[in-house]
Amino acid sequence: MDDKLREKLLKPYDPKETEERIYKLWEDSGFFNPDVCIEKGITEANAKPFTIIMPPPNANGRLHAGHALFVTLEDIMTRYHRMKGDRTLWVPGADHAGFETQIVYERKLEKEGRSRFEMTPEDLYKEIYDFTITNKKFMEDDIRRLGASCDWSREKFTLDPDIVKTVQNTFDKMFNDGLIYRGDRIVNWCAKHQTSLSEVETEFEERTEPFYYLQYGPFVISTSRPETKFGDKYVVMHPKDERYKEYKDGQKIDLEWINGPITATVIKDESIDMEFGTGVMTITPWHDQVDFEISERHNLEKEQIIDWKGKLLPIAGEFTGIHISKARTKIIEKLKEKGLLVKIDESYKHNVKVCFKCNTVIEPQIKDQWFIKMRPLADKALEAVESGKIKFYPENYKKIFQYWMTNTIDWNISRQIVWGIPIPAKICITCKKGYSDLKDELKKCTCGSELIKDTDTFDTWFSSGQWTLLALGYPDTKELDIYHPTDVMETGRDLIFKWIPRMVIFALYLRNEVAFRNVYLHGLVNDEKGEKMSKSKGNVVNPIELVDIFGTDALRMALVVGNTPGTDLSLSRDRVKGYKNFANKIWNATRFVLDNTKNFTVSETPKYDEEDNKSDEELKTLMEEITKEMDEYKFYIVSEKLYHYFWHTFADIIIERSKKKILASPVGSGPRENKNADSAKTLLYTQLNMLLKALHPFTPFVTEEIWSMMPATNKNLLMVEKWPAPSADKTC
RNA sequence: GCGCGGUUAGCUCAGUUGGUAGAGCAACUCAUUUACACUGAGAAGGUCGGGGGUUCAAGUCCCUCACCGCGCACCA
């Protein structure tokens, strides 16, 4: 160790001075790329591959604490496997995040007093593109600062031209296989964002609203939404309901309704709950999922009542053009005047479906959209999970996956937004038939009418669902044959619905194999009080800020120690601070070890005294234990054990004990130097060496920095040194 | 309504196939020129949510109740 290093070691560990330099060292070495590792003889050419595809962060802002957690966990796995000699690949990426990003951008426009509806689609696209590319760079810098050892040379963006092309090809293939159809179906319509949404993009909000009982001819019907009732001309009841047995299915009844006399038709349907309300209801097939299904069963007419902006159509008569949010009280007034209002129940509690971004009430609408037939695809996914080809950590998420896949409904992949991958399709202007048209060459529909280009874009999950394949170069199979199926998909537990099933489905469909063998789901990162971080609460923790104060290694430990998969974590500054102390503890212990092993060569066949021998065995046992736990994804326990061993055994016991032995026999004191000093020195050096390696995946910066000071010969970067214990199970 | 998870030390959480309760942080006592105050030593702290059952033995398995959290579904 030269004087410069010695001088550095005398001061406390300084992450600020260290991290950027070390990261550059790693990146310049090329070892993030498994090909380079093989080329340089670090990894065997026939080594078993280990692959993680990074969940591509949305390129619309900086990283949050959840990102820091996933980077940490995935980097731990990656570094561990690289050190074990696997052909280890971690592919980074960035997601254009369709609707999400467009909303972020629309908020920005709103602040500037602009609106997307006043812009050409081309201008809007260009602006969002520039915005995204800028943010993508920030995001990548943040990932580097967290120490991610991912292969940047393979980085992918979901709007890369080849990815766009592949995604469109998938649409074409599914269309030709009959798995995608164009259909008039009920969609979730957000009137603010002017787009349809999938089920996962809506939420329920509990509301207490008045519940109205209305006289409908001889019946009393109940509704929470009188403003949709203008076109109701079917009155439905259960076929076994004794109260209404005098009315026959298909019977016509003339009655007075909101805007005058109408003829209603009686429909008997078993879906009616006889216990609810009066057991009779009228239906609005255009604006309600259940009503839509009833009307499909009985082949009833459907009519649109509310337009795409949320205003009443001419069917509403004098109420035409009024926004539904304002129409209700007016309509109730009129019903009251006409004597049709029976009573109002003021405390009716029910759930209202709202847009997950703006909380606007979702207006179900019948819309011509592209849908994916989920049943056949979901069945294959279920089979893959049931046969154990995909394992979940924690295990109970398997059940959630199965539930979701069993109850899946057809997936609407059309979005009426600009920011996304265009759907390569044509629609007939007359009969509305849809065609996949990759080459933009179709002109006429089979009905003879003209075709126009579909202006919609894909739901972002349509492209990110193919991510394990796209990130590895699909449709080119060169890399896929090596690295796919990937080993682990590590992501937030909230993505068990949104993302995981779609990746499973697409990989099975396109490549007939699972997308990943293991799914590791982490919980949310909450604030120190355990409350969910949110901008409105002002309790959002910026991980990079914590890195600035305490260092990356400290943050990583704080995120991983004791954090079991699937469980939420409370992240406090004190927690991070504690691990900053740990990094410094490693640093100081190193100073002691290096000071006391100067000019000392560790024997290849070390001879320990009795207690040192016991300590040697103890650490070796620990190494075997943690290796097993690493293979079981128990990083929460491995990190804790290493922390505990380093601090309370290595530092508190072994170092303290060595003081007596070494001080009792000063260096260079010739014959007086007893073998207990050698034993102590050997143990100090050997254990530090081993602990640095074992700690490296968790605290990569401080361990790498210290490694550079270790006097070993033939030394490489610590990141590619051999992990200090073999796996019990070679297949892990 | 259906389902899932949780309830263990003041706080945050571990606890593997049942075998005398663990860690971190906080608090307490003492020490401290000696790698490290970003420190050390020590002590303290829990009828493992309630009740019942299986067992030689239950934090762990079964039943039941309560409370907290989450997800899904329906709601005319």
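A quick note: this is a predicted structure, and the numbers were derived from the prediction, not measured. Below, chain A is the first sequence line, B the second, and so on; all start at residue 1.
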Rounded P spacing from B:G59 to B:U54 in Å: 16 Å

Whole-Å P distance, B:U12 and B:G49: 15 Å

Using the P atom in both, what is the distance from B:G5 to B:G52, to the nearest Å? 25 Å

Between P of B:C70 and CG of A:Asp568, the distance in whole Å: 10 Å

Taking CD from A:Gln402 and P from B:C72, how many angstroms apart are they, rounded to a whole number? 18 Å

Calculate the interatomic distance between A:Met281 atom CE and B:C74 atom C1'; express it in whole Å. 12 Å

Looking for any heavy atom pair under 4.0 Å, which part of the strands does A:Val236 touch: base, sugar-phosphate only, or nothing? nothing

Could you tell me the separation between the NE2 atom of A:His644 and the P atom of B:G15, rounded to a whole number of Å? 17 Å

Proximity to the side chain of A:Phe204 - top-ranked nucleotide from B:C70, B:C75, B:A14: B:C75

Which whole-number value in Å describes the distance from A:Arg591 CZ to B:C36 P? 6 Å

Indicate, with a heavy-atom threshold strictly under 4.0 Å, whether A:Thr567 touches base, sugar-phosphate, or nothing. sugar-phosphate

Please give, in whole Å, the distance from B:G71 C1' to A:Phe401 CZ? 16 Å

With a 6.0 Å cut-off on ring centres, are A:His644 and A:Phe646 close enough? no

Is the shortest side-chain N/O distance from A:Lys641 to OP1 or OP2 of B:U16 below 4.0 Å? no

Looking at residues at least two apart in the chain, or sitting in another chain, which of them share a ring pair (Phe, Tyr, Trp, His ring centres under 6.0 Å) with A:Trp707? none

Counting only side-chain N and O atoms of A:Lys634, is one of them less than 4.0 Å from OP1 or OP2 of B:U16? no

So, is A:His648 near the phosphate of B:A23, with a side-chain N or O under 4.0 Å from OP1 or OP2? no

Has A:Thr564 got a side-chain N or O lying under 4.0 Å from the OP1 or OP2 atom of B:A14? yes

Please check the phosphate of B:G40 (OP1 and OP2 only) for any side-chain N or O of A:Trp647 closer than 4.0 Å. yes

Euclidean distance for C1', B:C74 against B:A57 (whole angstrom): 47 Å

Would you indicate what A:Tyr397 reaches in the nucleic acid, counting non-hydrogen atoms under 4.0 angstrom: base, sugar-phosphate, or nothing? nothing

Looking only at the side chain of A:Phe497 (C-beta and beyond, no hydrogens), which of the listed nucleotides B:G71, B:C13, B:A73 gets closest? B:G71

Start with the C-alpha distance between A:Glu625 and A:Lys634, add both sets of side-chain angles, then the distance that settles salt bridge (Lys or Arg N to Asp or Glu O under 4.0 Å), and finish with yes or no. CA-CA 11 Å; A:Glu625 249 175 64; A:Lys634 293 179 178 169; over 6 Å; no

Between A:Asp288 and A:Thr284, is there a donor-acceptor pair closer than 3.5 Å when you use the side chain of the first and the backbone of the second? no

Checking B:C36, B:C75, B:U39 against the side chain of A:Asn581 (C-beta onward), the nearest is B:U39

For the side chain of A:Glu656, counting heavy atoms from C-beta on, which of B:U12, B:A35, B:A14 is nearest? B:A35

Is any side-chain N of the basic residue among A:Glu203 and A:Lys357 closer than 4.0 Å to the acidic one's carboxylate O? no

For A:Tyr397, the ring pair (Phe, Tyr, Trp, His ring centres under 6.0 Å) test, sequence neighbours excluded, returns none

Side-chain N,O (A:Asn351) to OP1/OP2 (B:C74) below 4.0 Å: no

If you take atom types as modelled and just measure distance, does the side chain of A:Lys585 reach the base of B:C36 with a donor-acceptor pair under 3.5 Å? yes

So does A:Tyr636 get a side-chain nitrogen or oxygen closer than 4.0 Å to the phosphate oxygens (OP1/OP2) of B:G15? yes

Return no unless some side-chain N or O of A:Ser639 is found under 4.0 Å from OP1 or OP2 of B:G24. no

